[in-house]
Number of protein chains: 2
Amino acid sequence: MTSTTSSPRLVTVAACQLGPVHLADSRQDVLKRMLSLLEQAAQQGAKLAVFPELAFTTFFPRYLLAERDLDQYFDVEDPSKGGIEQSPNIKPLFDRASALGIDVYVGYAERTIQKYGTHVDYNSSVYYSANANKIIGKYRKVHLPGTVEPRTEPGAVQQLEKRYFRPGDLGFPAFRAPGLVEGALKKSSGIYNATQSTGKGDPIIGMLICNDRRWPEAWRVYGLQGMEILCCGYNTTAFPTTATGHQLDLTPEAAEEMVLLHHKLSCQGNSYMNACFSINVAKTGAEDGNPLVGGTIIVHPLGHIIKEAQTKEDELVVATIDLADCHRPKNTVFAFEKHRRPEHYHLILDRTGVIEPDLL
Amino acid sequence: MTSTTSSPRLVTVAACQLGPVHLADSRQDVLKRMLSLLEQAAQQGAKLAVFPELAFTTFFPRYLLAERDLDQYFDVEDPSKGGIEQSPNIKPLFDRASALGIDVYVGYAERTIQKYGTHVDYNSSVYYSANANKIIGKYRKVHLPGTVEPRTEPGAVQQLEKRYFRPGDLGFPAFRAPGLVEGALKKSSGIYNATQSTGKGDPIIGMLICNDRRWPEAWRVYGLQGMEILCCGYNTTAFPTTATGHQLDLTPEAAEEMVLLHHKLSCQGNSYMNACFSINVAKTGAEDGNPLVGGTIIVHPLGHIIKEAQTKEDELVVATIDLADCHRPKNTVFAFEKHRRPEHYHLILDRTGVIEPDLL
C-alpha cells in the first residue's frame with residue numbers, strides 16, 4: 001500500500017434528507033415521500049441512497065410513552081416471519097430499490113422477538129444491496145444519548161433513547177457493497193472485479209446512527225477495517241440542553257449554529273482522521289413544533305464538505321465521489337500501520353468514565 | 001458529577017507563536033525572542049505560556065543531516081548533570097517564568113544519555129510550573145510523521161522525524177498544574193485549594209506535539225483523565241505532500257488552505273469531543289524558504305475558536321478562559337461513564353494497521 005496513484009473508482013451517492021414527520025403522519029405517507037426521493041436519486045444516477053435515523057416515523061424518543069403507544073413506532077424482526085425486509089412498512093422501499101438498481105441505508109426502530117414473547121428493542125439501520133438483492137449490513141446504535149428515566153423538572157425536554165432502546169450489540173462491522181463502483185458491473189459476463197488492489201474493489205462501508213458520529217472510537221473501529229464510505233442518519237435537536245433538559249440561554253439562531261458546528265466538526269473531523277467519505281443525513285425541520293437541525297452533508301476524506309442541503313424539507317443531495325481519493329491519505333498521513341501506537345491507547349478500553357489524576 | 005452549574009475557574013493563557021527560525025539564527029537569539037514573548041504574556045496577566053514544538057531551533061527534520069551536524073539541535077538530559085531544566089539554553093526561560101509566576105509548555109529535541117555513552121532521542125515537551133518551581137509534566141511525541149530513510153525521488157521534500165526520534169515511551173500522562181486558577185493562591189496562608197469538586201481544583205493538563213493532534217486516540221486517553229487544557233505546539237509544512245514527498249498539484253494558497261482546514265478540524269473536533277480547551281501554537285513563516293503554516297488557535301471545549309493568530313511572525317495570542325465551561329459537556333453529551341461502550345472498541349488495541357473485510 002505505498003503507491004501514490006490509483007485508478008478512479010466513481011460512485012454516485014444520494015443523501016435523502018427528510019423534512020419533519022409529525023405524529024399525525026401515516027407510515028404510508030412517509031414511505032411515499034421516501035420512495036419519491038429514491039426515484040429522483042436513481043434518475044440522477046445514484047447507486048446509493050442514504051436515509052435518516054428512525055426515518056419512517058417522528059422522533060418518538062422525545063415523548064414519554066406507555067408501552068402500548070410505543071408499539072406503532074417499531075418494526076418487528078420475527079425469526080418465524082422473516083427479517084425486517086419483509087415488514088410491509090419497509091418492503092416497498094427495498095423492492096423499488098432493487099428494481100432501480102440502487103442501494104439503501106435506512107434507520108428504523110427494531111423490535112426483536114425473544115423467547116416467550118418478550119422483545120428487545122434497538123435503534124437500528126440496515127444496508128440493502130440492490131446487486132445482492134438483500135440486506136448485507138446491519139447496525140444497532142451503540143451510543144444512545146439521553147436518559148432512562150424521564151426528566152422531571154418543569155419545562156425539561158425529554159430524550160428517552162436510553163429508555164426505549166438497548167445499546168447496540170453488533171459492534172461496528174464494516175462490509176463491502178458489491179457493484180457500487182461505476183463500471184464494476186461492466187466486466188466480462190457481468191461479474192464485477194472485486195479486487196481492491198486493482199482499484200476496482202467493492203467499497204468498504206460503515207454505518208453509524210446520529211449521536212455515534214460524535215464518538216471517535218466508533219469511526220476508528222471502522223477506519224481500522226479500511227472504511228471508505230460512512231453512512232450516518234440523524235435526528236438532532238436544534239438546541240443544546242443542560243443536564244436537566246433545559247435549553248441553554250441562547251437565541252434560537254445561536255443555539256442552532258452551535259449544534260451545526262458540533263455536527264460538522266464531528267463529521268468532517270472524523271472523516272478526515274479516517275480518510276473516508278461520509279454521507280450524513282438529517283431528518284429535519286420542526287416535528288410538531290420540536291425543531292431538528294438540517295445540515296445534511298457529504299464529506300470528502302480530506303475533510304471538506306462536498307455538498308450540503310439547502311433546506312429543512314425533503315431534499316436530495318447528490319454527488320459523484322471518487323473512492324480513489326481515500327488512497328493518498330490512507331497511505332501517507334493516516335497510514336495506520338506506520339504511525340499508530342496501540343501500546344499507549346490502553347485506557348480507551350481499560351476505563352469507561354473519567355478517572356482524574358491525583359492532586360499534587 | 002451531575003450538577004449543571006459550577007463556579008468560575010478563570011485562567012489567562014498565552015499562545016506564544018514563533019515566526020521562522022533560520023539555520024543561521026543562534027540559540028541565543030531565539031531564546032531572546034521567547035523571553036520577550038514570555039515577558040509580554042506575563043504583562044497581560046497570563047499564567048500559562050505555550051510555545052511551539054522544537055521551539056529553540058529551525059525544524060531540522062526537513063534536512064538529511066550527519067550525526068555530527070545533528071548534535072547542535074538537541075538538549076541533553078544527562079542524569080549526572082541534572083534534568084533538562086539545567087540546560088544553559090533553556091534554564092533562562094524557566095528562571096524568568098519562575099520570577100514572573102507564569103507556567104511554560106515548550107517543545108525541544110531531547111537527547112537522553114544511556115549507559116556506555118549511547119543516546120536515545122525524542123521529540124519532547126515539558127511543562128514547567130512556576131508555583132511548583134520545577135518541571136511537573138513531560139511528554140515525548142508518540143505519533144512521529146515522515147520516514148526513516150530519506151526520500152530519494154528528485155524534488156522530494158524530506159520529513160525525517162522517524163529517523164531522528166524514537167516514538168515517545170511515556171504515553172499520555174495528564175497532570176495537575178498547581179495554582180493556575182485565578183484566586184487559587186489567595187486562600188488563607190497561601191495554600192491553594194486543590195479540591196476539584198469545589199470548582200477551584202488545579203487544572204488537568206495534557207500535552208501533545210504537532211502530528212499527535214490528528215490522532216483521536218491521543219486526545220481520548222487524556223480525555224479519560226479529565227483533561228481540561230490541552231497544550232500542543234507544532235511545525236506544520238504549509239503544503240500536503242504525496243507518499244514520495246512531492247507537493248500536491250495545488251496553488252500555494254489552496255495548499256495552505258487545505259493544511260489549515262486539517263489543523264482546525266483536528267484541534268476543534270478533538271477539543272469538542274473531549275470537552276477541553278486546547279492551546280495550539282505554531283512555529284510559522286518560511287524557515288530558509290520552507291513554508292510553515294500559522295493558525296495558532298485557542299479552542300473552546302464547545303469546539304469554537306476563541307482567538308486566532310493574525311500573522312506568521314512572533315505573536316502573542318492571549319485569552320482568559322473559564323475551566324467551568326468544561327463542566328456541562330463533560331456531564332451531558334460527553335459524560336463518558338454513561339455513554340461509552342469499550343466492549344465494542346477492542347480493534348483500537350487489537351490491530352495497528354487496517355485489515356479489510358473479506359470480499360463478498
Side-chain angles (χ1 to χ4, degrees), chain A residues 2 4 132 136 142-145 167 171-172 174-176 178 194 196 202 204 214-217 220-221 224-226 241-244 258 261-262 265-266 268-270 272-273 302-304 328 331-333 336-337 339-342 344-349 351-357 359-360, chain B residues 2 4 132 136 142-145 167 171-172 174-176 178 194 196 202 204 214 216-217 220-221 224-226 241-244 258 261-262 265-266 268-270 272-273 302-304 328 330-333 336-337 339-342 344-349 351-357 359-360:
Chain A
T2 52
T4 52
I136 59 168
V142 166
H143 300 95
L144 298 171
F172 305 101
F175 58 91
R176 290 179 190 270
Q196 184 77 8
D202 289 332
I204 302 172
R214 308 180 200 277
W215 296 86
E217 295 93 338
R220 185 59 107 221
V221 171
L224 286 163
Q225 298 169 79
T241 53
T242 66
T244 51
M258 184 189 288
L261 172 69
H262 296 168
L265 286 177
S266 301
Q268 295 182 253
N270 285 307
Y272 165 64
M273 293 188 291
L302 294 178
H304 57 272
R328 187 186 64 84
N331 288 282
T332 55
V333 60
F336 291 164
E337 74 284 4
H339 305 308
R340 292 183 77 247
R341 292 278 156 188
H344 297 306
Y345 306 155
H346 58 91
L347 282 197
I348 292 170
L349 294 203
R351 56 177 73 162
T352 302
V354 169
I355 301 176
E356 297 180 346
L359 298 174
L360 274 185
Chain B
T2 52
T4 53
I136 59 168
V142 166
H143 300 96
L144 298 172
F172 306 101
F175 58 90
R176 290 179 190 269
Q196 184 77 7
D202 289 332
I204 302 172
R214 308 180 200 278
E217 295 93 336
R220 185 59 107 219
V221 171
L224 285 164
Q225 298 169 78
T241 54
T242 66
T244 52
M258 184 188 290
L261 173 68
H262 296 167
L265 286 177
S266 300
Q268 295 182 254
N270 285 307
Y272 166 64
M273 293 188 290
L302 294 178
H304 57 272
R328 188 185 63 84
K330 279 189 194 294
N331 288 284
T332 55
V333 60
F336 291 164
E337 75 283 4
H339 305 308
R340 292 183 77 247
R341 293 277 155 186
H344 296 306
Y345 305 155
H346 59 91
L347 281 196
I348 292 170
L349 294 202
R351 56 178 70 164
T352 302
V354 169
I355 301 176
E356 296 180 348
L359 299 175
L360 274 185

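The two residues B:F336 and A:T352 have their closest heavy-atom pair at CB-O, 3.3 Å. Shortest non-hydrogen contact noted between A:R328 and B:T242 is CD-CA, 4.2 Å.
Here the side chain of B:R220 pairs no donor or acceptor atom with the backbone of A:E217 at under 3.5 angstrom. Judged by distance alone, the side chain of B:R341 and the main-chain N or O of A:H143 form no donor-acceptor pair under 3.5 Å. Remark: side-chain polar atoms of A:H262 are paired, donor with acceptor, to backbone N or O of B:L302 under 3.5 angstrom. When atom types are taken as modelled, the side chain of A:R351 and the backbone of B:E337 share no donor-acceptor pair closer than 3.5 angstrom. Although no hydrogens or angles enter the test, the distance criterion places a donor-acceptor pair under 3.5 Å between the side chain of B:R340 and the main chain of A:I348.
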Report task. Run the numbers on B:K330 and A:V354 for side-chain contact (heavy atoms from CB on, under 4.5 Å), then give the verdict. Result -> CA-CA 9 Å; B:K330 279 189 194 294; A:V354 169; 5.9 Å; no

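Counting heavy-atom pairs closer than 4.5 Å to chain A, the top-ranked of the candidates B:H346, B:H339, B:Q268 is B:H339. For chain B, the option among A:L265, A:V142, A:T241, A:N270 with the highest count of heavy-atom pairs below 4.5 Å is A:L265. Each of A:P216, A:G269, A:G171 has some count of heavy-atom pairs under 4.5 Å with chain B, and the biggest count is that of A:P216. Ranked by heavy-atom pairs under 4.5 Å with chain B, the list A:F172, A:F175, A:W215 is led by A:W215. Comparing A:L224, A:L261, A:L347, A:V221 by heavy-atom pairs within less than 4.5 Å of chain B, the highest count is held by A:L224.
Looking at A:L144, only its backbone comes within 4.5 Å of chain B, counting heavy atoms on both sides.
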